[in-house]
Amino acid sequence: MSDVARVIVGVSGSLHSLTALHRAADEARARRAVLVPVLAWTPVGGERNYRARPCPSLLRAWQQAAGARLGSALEEAFGGLPIGVPMEPMVVRGEPAEVLTGLADRPGDLLVISAGRQGLVRGRAHRLLRGSVRRRCLDRAGCGVLVVPPSTLHADLRALHRDGVDLRELVAA
């Protein structure tokens, strides 16, 4: 299977990652490649805290929650499975940049990531300590990397939210 082209995409469930997921599906279709959506996760509180107080049943619950989050993202993005593209979804324990660059290890692979920003609280603190996932993927990937800009829909949604518009009322109308 090492000669099969792959398009690997990081998925978190955010609107930015769903935009990247759509672009990755288009790229996989055009390249006749396997789409590999990847949700990377770590134990709540981080690996160091988990090693200090391991709890296998809690670890299984986090793994299952990550799998459910990936399934929800695929459902939200495509209404199920994307049509016309083989897919191998993966849920992997580890930091996103390390997981993605570790999987996208063949010269013919394409790694697709979003240019979207993380939540402000975790995002700023995390980037100060570790750097952005995007930057680390660009620095370390052993294959081509496609950084997908946010959809214009994101700006529209932010503007509506900023203006105090209740999106549930718009959908119900």
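Since we're looking at a predicted model, the values are computed, not measured. Along the sequence shown, residues are numbered consecutively beginning with 1.
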Output yes when a side-chain donor or acceptor of Asp109 lies under 3.5 Å from a complementary backbone atom of Arg106, and no otherwise.
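Yes, Asp109 side chain to Arg106 backbone: donor-acceptor pair under 3.5 Å.
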When you measure from the side chain of Arg93 to the backbone of Pro43, do you find a donor-acceptor pair of N or O atoms at a distance under 3.5 Å?
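The answer is no, because no donor-acceptor pair under 3.5 Å joins these two groups.
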Apply side chain to side chain contact (heavy atoms under 4.5 Å, CB included) to the pair Glu27 and Val9, showing each step before the final yes or no.
CA-CA 11 Å; Glu27 290 290 331; Val9 58; over 6 Å; no
Closest heavy-atom pair and its distance - [X], [Y]:
X      : Y      : answer
Cys143 : Pro107 : CB-O, 4.1 Å
Ala40  : Gly94  : CB-O, 3.5 Å
Val147 : Ala115 : CG1-CB, 3.5 Å
Pro37  : Leu74  : CG-CD2, 4.1 Å
Ser17  : Ser12  : OG-N, 3.2 Å
Ala66  : Val91  : CB-CG1, 3.6 Å

To the nearest 0.5 Å, what is the distance between [atom1] ([X]) and [atom2] ([Y])?
X      : Y      : atom1 : atom2 : result
Glu98  : Arg140 : CD    : CZ    : 5.0 Å
Arg6   : Leu111 : CZ    : CG    : 10.0 Å
Leu18  : Glu76  : CG    : CD    : 5.0 Å
Asp105 : Ile8   : CG    : CD1   : 7.0 Å
Met90  : Leu100 : CE    : CG    : 10.0 Å
Leu21  : Ser14  : CG    : OG    : 10.5 Å

Applying side chain to side chain contact (heavy atoms under 4.5 Å, CB included) to Asp26 and Val85, what does each step give before you reach the verdict?
CA-CA 9 Å; Asp26 291 343; Val85 61; over 6 Å; no
In terms of the angle between their ring planes, are Trp62 and Tyr50 parallel, tilted or perpendicular, with boundaries placed at 30° and 60°?
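Answer is perpendicular, since the angle exceeds 60°.
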Side chains of Glu95 and Glu47: does their closest heavy-atom pair fall under 4.5 Å?
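Glu95 vs Glu47: side chains apart.
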